[in-house]
Amino acid sequence: MLQILLVDDEHYVVDDLTIAFPWEEFGIGKVHQAYSGVQAAQILQEHPVDILITDIAMPGMNGLELVGLVKEHHPHTKCILLTGFSDFEYAVEALKHGVLEYLVKPLDQSQLRATLHATVTKIHEELSMAASLDLAKLAFREHLPMLKDKLLSELVQGKKFRPDELADKMNHYQISIHEQEVVHLVLVRLEERFTNYGSDSQLLFEYAVINIAEEIFGDSFVVWQCRDPYEYLVFLLKYKEEGKGLCPEQVLKQLNNKADQLHYNVNEYLKGGISVVVSNPGLFTQDVRKMYEDAVYALKQQVGSRQGYLLSVGGRPQQAQVQPLRILYEPPTLIHLLETGQWEGYKERLARIQQEYDSWEGCSEEYFEEIRSLLLSSFHYIAHKNQKLLSDLVGYERMHKSSFRSMEQLMRWGEELAELLKDQLETDTQTNQQKIIQEISSFLDVSYANASLQTVADHVSLHPSYVSRLFKQVTGSSISDYIHKLKMERALAQLRDSDAKVYEISEQLGYSNSQYFIKVFKDEFGMTPQDYREKTGVK
């Protein structure tokens with residue numbers, strides 16, 4: 001239950017309000033009384049007051065001074081001013097102090113009801129938001145290891161981030177590695193004894209290996225780890241005393257010694273073998289993917305199926321004459337860009353593919369066909385996921401065009417098919433959205449009295465936040481505004497065409513009390529329901 005403090009140097013105002021007003025209706029369980037600003041300040045120190053209603057003109061500490069004190073020391077308390085002065089200057093000054101409402105004596109109880117209803121609603125909304133924020137912070141802390149793992153996994157696989165975006169993530173994830181800093185990479189493969197167990201047990205072994213590695217490396221290096229697509233453990237390390245302690249060769253020697261200790265400790269304490277590859281140093285982030293690829297290459301080529309090896313990459317592996325077209329598969333993939341409607345990002349990727357293709361020497365027909373096949377398979381996937389045939393969306397001839405004399409032609413073909421897909425899918429989306437809006441409108445036309453965003457979302461089996469955004473996007477109006485408009489239209493019709501009492505109409509429209517309905521009606525039309533009836537000649 002909420003607590004309220006009433007302050008006025010005229011005792012009868014406070015006493016009458018305390019006794020006569022139905023505070024319980026608004027969820028207010030405790031009413032405090034004060035007859036001066038000083039007395040009110042003392043009560044505020046002793047009790048968690050949610051709402052303050054105070055007169056402005058009081059001897060000693062006046063109402064505005066009291067509100068200033070509240071805003072400084074009790075910022076969550078909502079303030080409402082009550083005064084016999086209706087001068088505009090007072091209202092302006094009150095607003096500067098963050099006052100929610102400004103009520104004029106003699107107090108109209110209907111106005112007080114409406115003001116309290118709005119104030120209590122705002123308090124509950126803020127409490128709900130605060131609870132949601134606390135839950136979000138807790139969830140973030142719980143998921144932080146997973147988020148850090150995901151980010152490093154994306155970096156070693158070549159995902160590109162804007163420098164400001166990456167710096168923001170690193171800061172939020174509390175990773176103290178910055179652009180252009182020297183880093184090392186250690187790759188760990190758990191061997192057969194570990195992998196013979198089930199997946200749950202293997203995860204426990206990985207967790208144990210990570211703990212051992214953090215203990216060994218952590219005294220000299222910042223440690224950041226992830227699990228890669230091959231189920232290898234990847235550790236990115238930054239020497240903590242760079243520029244102050246050892247030279248690069250000594251740092252690498254220390255790192256190799258620690259990798260040897262990791263290799264020994266896992267065998268000794270976990271009774272299972274690992275293979276470890278230590279990379280050469282590189283710069284964050286520009287060299288991370290290459291360091292990772294060199295380590296994976298070394299593990300596969302120099303260790304292979306042999307187990308329990310410790311390997312330090314003494315130099316970059318010799319470049320093979322045939323290289324994979326990595327840009328085709330780096331995240332976000334072409335399929336992901338199409339699937340999420342990132343059409344501009346898709347075009348940018350095509351431009352990068354062509355640029356990189358033009359820089360390759362001795363490009364073969366196989367590379368050209370690999371690019372074409374990947375583009376076509378991406379289009380097939382998106383079409384089929386949307387329950388369509390690609391030939392129906394883009395036409396059979398365009399889909400099966402096979403004669404390309406240049407990479408430019410192939411890229412234009414890829415852009416053309418993407419544009420056709422975009423147009424067709426957006427048309428389908430708009431049609432589906434219109435159907436949803438029509439269903440919502442039909443529901444509200446019947447159930448407007450007791451409707452809310454949640455009941456609407458339940459009716460169409462969609463999430464409330466999505467329903468809210470979609471309705472606003474398509475109609476230009478929020479659902480609450482639409483319900484309000486419906487209620488006002490029905491109110492006019494009822495007042496004009498029936499002889500129902502105002503309180504009966506209020507109940508039919510779903511308002512909690514007739515006084516609040518009267519206020520809402522007056523705010524909308526500039527007159528009370530009874531004034532409207534008299535104006536239209538309805539008795």
Side-chain angles (χ1 to χ4, degrees), residues 1-128 130-131 511-520:
M1 299 290 281
L2 301 176
Q3 298 190 36
I4 192 168
L5 171 58
L6 307 178
V7 188
D8 198 312
D9 61 319
E10 296 180 308
H11 291 216
Y12 75 91
V13 175
V14 173
D15 296 340
D16 289 351
L17 266 180
T18 302
I19 297 171
F21 195 80
W23 302 104
E24 296 80 5
E25 289 184 16
F26 298 88
I28 297 172
K30 179 66 175 177
V31 180
H32 300 280
Q33 301 164 268
Y35 307 108
S36 69
V38 174
Q39 186 180 3
Q42 182 65 34
I43 292 173
L44 285 164
Q45 288 182 347
E46 298 173 355
H47 300 278
V49 173
D50 301 289
I51 303 171
L52 168 71
I53 298 181
T54 179
D55 186 24
I56 286 183
M58 295 186 296
M61 181 186 293
N62 65 36
L64 291 180
E65 292 172 334
L66 177 59
V67 169
L69 182 69
V70 168
K71 289 304 173 186
E72 181 179 357
H73 299 287
H74 312 281
H76 297 297
T77 300
K78 307 303 176 190
C79 298
I80 301 169
L81 282 181
L82 176 64
T83 181
F85 298 96
S86 58
D87 299 277
F88 178 72
E89 290 78 6
Y90 277 96
V92 171
E93 190 66 25
L95 291 174
K96 288 180 181 178
H97 283 76
V99 173
L100 280 179
E101 292 285 352
Y102 184 87
L103 301 175
V104 179
K105 293 179 180 178
L107 183 62
D108 185 323
Q109 285 217 2
S110 65
Q111 287 186 324
L112 178 57
R113 282 177 172 272
T115 298
L116 278 177
H117 181 274
T119 304
V120 169
T121 299
K122 186 172 182 63
I123 289 173
H124 287 310
E125 288 176 351
E126 291 180 357
L127 290 172
S128 178
Y511 289 101
S512 56
N513 62 73
S514 58
Q515 293 298 323
Y516 182 63
F517 164 61
I518 293 171
K519 180 185 183 301
V520 171

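Here, residue 1 is the first one in the sequence, and each next residue gets the next number.
- Checking side-chain atoms of Trp23 against main-chain N and O of Ile4 turns up no donor-acceptor pair under 3.5 Å.
- Here the shortest heavy-atom pairing between Leu66 and Ala41 reads CD1-N, 4.3 Å.
- You'll find the ring centres of His117 and Phe26 outside the 6.0 Å limit.
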(message) Checking Val70 against Val49 for the side-chain contact (heavy atoms from CB on, under 4.5 Å) test, could you report, in this order, the C-alpha distance in whole Å, the side-chain angles of both residues, the deciding distance, and whether it holds?
(response) CA-CA 10 Å; Val70 168; Val49 173; over 6 Å; no
(message) Using the rule given for side-chain contact (heavy atoms from CB on, under 4.5 Å), can you reason through Leu6 versus Leu52, listing the C-alpha separation, both sets of side-chain angles and the distance that settles it, and then say yes or no?
(response) CA-CA 6 Å; Leu6 307 178; Leu52 168 71; over 6 Å; no
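- Using modelled atom types, one side-chain atom of Lys71 and one backbone atom of Thr77 make a donor-acceptor pair closer than 3.5 Å.
- When only modelled atom types and interatomic distance are considered, Tyr35 and Asp55 share no side-chain donor-acceptor pair under 3.5 Å.
- In this structure, Gln42 and His47 have side chains that are not in contact, with every pair of non-hydrogen atoms separated by 4.5 Å or more.
- Under the 4.5 Å side-chain criterion, counting only non-hydrogen atoms from C-beta, Leu5 is not in contact with Ile51.
- Heavy-atom neighbours of His76 NE2 from other residues, nucleotides or ligands within 6.0 Å: at or below the threshold of 12.
- In this structure, the side chain of Glu65 engages the main chain of Asn62 through a donor-acceptor pair within 3.5 Å.
- Side-chain contact between Gln3 and Met1 is absent, with no heavy-atom pair separated by less than 4.5 Å.
- Atoms CE and OG, from Met58 and Ser36 in turn, are 7.0 Å apart once rounded to the nearest 0.5 Å.
- Contact of the Arg113 side chain with the Glu25 side chain is registered, since non-hydrogen atoms from C-beta on lie closer than 4.5 Å.
- Side-chain contact check for Asp9 versus Pro59: some heavy-atom pair is nearer than 4.5 Å.
- Under the side chain to side chain contact (heavy atoms under 4.5 Å, CB included) test applied with Lys78, the options Leu2, Ile53, Val120, Thr119 reduce to a single match, Thr119.
- Between Tyr511 and Phe517, the two ring planes are tilted [angle within 30° to 60°].
- Side-chain atoms of Glu125 and Thr121, non-hydrogen and from C-beta on, do get closer than 4.5 Å to each other.
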(request) Show your working on side-chain contact (heavy atoms from CB on, under 4.5 Å) between Thr54 and Val67 and close with a plain yes or no. (result) CA-CA 8 Å; Thr54 179; Val67 169; 4.1 Å; yes
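- Counting only heavy atoms from C-beta outward, the side chains of Leu116 and Phe21 approach each other to under 4.5 Å.
- Interatomic distance, His124 NE2 to Asp50 CG, rounded to the nearest 0.5 Å: 9.0 Å.
- In this structure, the side chains of Val7 and Leu82 stay at 4.5 Å or more apart for every pair of heavy atoms.
- Separation of atoms CG (Leu69) and CE (Met61) is listed at 5.5 Å; rounding is to 0.5 Å.
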(request) Could you please spell out the steps behind the side-chain contact (heavy atoms from CB on, under 4.5 Å) verdict for Leu81 and Leu64? (result) CA-CA 8 Å; Leu81 282 181; Leu64 291 180; 3.7 Å; yes
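- With sequence neighbours excluded, no residue forms a ring-ring contact (aromatic ring centres under 6.0 Å, His included) with His74.
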